[in-house]
Amino acid sequence: MTQALEIQDLRKQYDNGFQALKGIDLSVEEGDFYALLGPNGAGKSTTIGIISSLVRKSSGSVSVFGHDIDTDLVKAKRMLGVVPQEFNFNQFEKVEDIIVTQAGYYGIPAKEARSRAEKYLKQLGLWDKRHNVSRMLSGGMKRRLMIVRALVHQPKLLILDEPTAGVDIELRRSLWDFLREINEQGTTIILTTHYLEEAEQLCRNIGIIDRGEIVENTSTKELLSKLQQESFVLDLNKPIDDLPTFAGYTVKKVDNSSIEVEVGKHQGVNDLFQQLSEYRIEVASMRNKSNRLEELFVNLTSDTNEPANGSAVEKRGSAQ
Amino acid sequence: MSEWKYNLVAFNTIFSKEIRRFMRIWPQTLLPPAITMSLYFVIFGAVIGSRVGEMGGFDYMTFVVPGLVMMAVITNSFSNVASSFFSNKFQKSIEELLVSPVPNWIILAGYTMGGVVRGLYVGILVMILGAFFVELQVHHMLITLLAVFLTATLFALGGFINAVFARKFDDVAIIPTFVLTPLTYLGGVFYSVDVLPEPFRSLSMLNPILYQVNAFRYGILGQDSGISIGWAFVVMIVAIVIMAAWALHLLRVGKGLRN
């Protein structure tokens, strides 16, 4: 299958010496809905900046639908639509003018551009605002305006950097529906997000980037299956001073009256409770520590926590 | 669609966006030069000029009108590109262009021609205002048009380079204040270099604006200032080639634009 995006050994060192990307490899297949997750400063926006040619890479290669950005940049750019994190349109121009102007940069004549602008502005509920000056729009409308702008030349690959940041729940859901729809119609989508639920809901594949390295790159399903190792918090009836050793479980003391246990998918909790009884530790209540994907994310991107599983450690090692 | 058609649409898009911008904010772009130049006409031409007598073989008012037209063209073509491009940089809307497949030379041509049109627009406006004070006849239409077009192009390119280097709004005003204004005032707008003693006359010959103003004045009045018109055009064309190459180089390396 054609690769919508192929990144090999991509490195970026900024002038101040900061190494934002330490040699990442990434490939996204045509038609995919891919999430690039990572904490702030992990290298997500630098990666998007390099793909869209706003940031110069130090080394490595990037190609969009087979067009290398070093040797075939114009064709690569025609395939690509980018919705950046920050608002980057002219605040003094009217909504429709912004879209038609952007289309013009891709060689689309004004008449055709206006008809495409109408189609997408209507789809994203901005048609009534087409004559408004863009700075007068609300935050959610500005974000939708940037999506329309990125779609007007009908790119085969759409990259969205935090598309739903600061957007209310209702609008977020409607944007999700819209993105699902254009993905079903054939547009490959890559998004970065802080909302892990968003990645879980929308994306078929997920890459996790941390400190300039890809630490996980797999299907959402597989990633979540790894999370069948869940963390539970157990509140105790009586405080304990020292934590005994539990065979087969990783147990941490949160404080004197609560402990945290990692339980594998096929492991069950019966054996845990048996051991607790043997140590005469009485459990008052039990709860999940956090959302599943969130837990994996924290494990993969944190120094202090133990990795969620061995494969993540290996992948982190191999990416170095 | 062929590549040149893409480029033509892209050029038209940038060019018409630039014209739309300065027309939309006409109280900031068209009105001030009209008022300033009218004041120059009244003060230097009518009030002071009547006491100056002749300059370069013409009454002072007639002499000063072509100079003031050129001053308006230089200032406006420069500041149009400098403000517009810097403002796009500042608002990050320049990224719309940078992510698109528009070639650098089309970006430069679009902005430059936008500045040229603003320069010509204001030049014509000043010319019309000047016609209220003196009777003007264009002696050499081709030389007049060529001189004004090349001058506007050169300073529009200068405005572009200024905007590329500018990091804050103050930087956009540095070149006009410290370079353009002195060179324009000393470039034969208000006097003929013949009246200067040496070494100031020879020093003035190093000022490129002198050649443009004199070429334009020759086109309008037919006045021979002792500076070869052919040489004036060579200076302008060479300067345009150097500035355009510099601007394209800055775009290629992404100076101030790409990280």
Side-chain angles (χ1 to χ4, degrees), chain A residues 12-16 20 45-46 48-58 67 72-94 97-113 133-135 146 149-150 152-153 155 159, chain B residues 1-29 83-111 114 167 250-259:
Chain A
K12 171 67 187 177
Q13 184 162 7
Y14 285 99
D15 291 342
N16 61 10
S45 294
T46 299
I48 292 177
I50 292 172
I51 299 167
S52 56
S53 81
L54 291 175
V55 176
R56 295 179 171 279
K57 61 186 166 66
S58 301
H67 303 293
D72 207 1
L73 183 60
V74 168
K75 281 189 182 147
K77 281 177 164 180
R78 289 200 193 284
M79 300 284 165
L80 186 67
V82 182
V83 181
Q85 205 174 123
E86 288 177 48
F87 300 130
N88 70 343
F89 45 79
N90 190 327
Q91 304 275 329
F92 302 101
E93 282 189 18
K94 290 177 183 165
D97 288 344
I98 289 172
I99 307 301
V100 174
T101 298
Q102 184 72 18
Y105 294 159
Y106 286 83
I108 300 160
K111 195 179 166 195
E112 168 71 13
V133 175
S134 60
R135 72 171 184 280
M146 293 206 296
R149 189 186 60 182
V152 74
H153 64 285
I159 300 182
Chain B
M1 199 191 271
S2 64
E3 205 60 36
W4 75 267
K5 270 189 181 168
Y6 274 120
N7 289 342
L8 189 65
V9 173
F11 171 80
N12 274 334
T13 305
I14 302 170
F15 180 60
S16 53
K17 179 173 76 80
E18 284 303 285
I19 292 173
R20 205 166 58 226
R21 188 195 79 95
F22 78 70
M23 295 301 268
R24 185 179 64 219
I25 52 172
W26 63 270
Q28 294 171 48
T29 53
S83 328
S84 174
F85 196 76
F86 180 72
S87 151
N88 282 333
K89 238 174 77 166
F90 187 79
Q91 296 188 64
K92 289 179 178 286
S93 57
I94 196 65
E95 291 178 3
E96 293 176 340
L97 256 176
L98 299 178
V99 302
S100 77
V102 181
N104 288 338
W105 67 273
I106 293 282
I107 297 178
L108 184 63
Y111 274 96
R167 286 165 175 239
L250 293 172
L251 277 174
R252 192 170 56 246
V253 299
K255 173 80 185 169
L257 300 169
R258 298 181 204 266
N259 214 325

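Residue numbering restarts at 1 for every chain, and letters A, B, ... go by the order of the sequence lines.
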> For A:Gln102, is it the side chain, the backbone, both, or neither that has a heavy atom closer than 4.5 Å to a heavy atom of chain B?
Replying inline: side chain
> Non-hydrogen atoms of chain A under 4.5 Å away: do they reach the side chain of B:Arg21, the backbone, both or neither?
Replying inline: neither
> Has the side chain of A:Ser58 got a donor or acceptor atom that lies under 3.5 Å from a matching backbone atom of A:Gln13?
Replying inline: yes
>> Looking only at side-chain N and O atoms, does B:Ser93 offer a donor or acceptor that is under 3.5 Å from a partner on B:Asn88?
In response: yes
> Where the side chain of A:Lys77 meets the backbone of B:Leu98, is there a donor-acceptor pair that is under 3.5 Å apart?
Replying inline: yes
> When you check the gap from the basic side-chain N to the acidic O, do B:Glu3 and A:Arg78 get nearer than 4.0 Å?
Replying inline: yes
> Is it the side chain or the backbone of A:Leu80 that comes within 4.5 Å of chain B heavy atoms, both, or neither?
Replying inline: neither
>> Tell me which of these, B:Asn7, B:Ile107, B:Val253, has more heavy-atom pairs under 4.5 Å with chain A than the rest.
In response: B:Val253
> chain A: which of B:Gly110, B:Ala10, B:Ser16 shares the most heavy-atom pairs with it under 4.5 Å?
Replying inline: B:Ala10
> Around B:Phe90, counting heavy atoms of other residues, nucleotides and ligands shown, do more than 12 lie under 6.0 Å from its CZ?
Replying inline: no
> Can you check whether A:Glu86's main-chain N or O pairs, donor with acceptor, with B:Lys92's side chain at less than 3.5 Å?
Replying inline: no
> chain B heavy atoms under 4.5 Å from A:Tyr14: which part of the residue, side chain, backbone, both or neither?
Replying inline: side chain
> When the ring planes of B:Phe15 and B:Phe11 are compared, do they come out parallel, tilted or perpendicular, using 30° and 60° as the limits?
Replying inline: parallel
> Of the listed residues (A:Lys75, A:Glu93, A:His153), which shares the most heavy-atom pairs with chain B below a 4.5 Å separation?
Replying inline: A:Glu93
>> Looking at chain B, which one of A:Leu54, A:Val55, A:Val74 has the largest number of heavy-atom pairs inside 4.5 Å, strictly under?
In response: A:Leu54
> Looking at B:Val102, B:Val99, B:Ile106, which makes the most heavy-atom pairs under 4.5 Å with chain A?
Replying inline: B:Val99
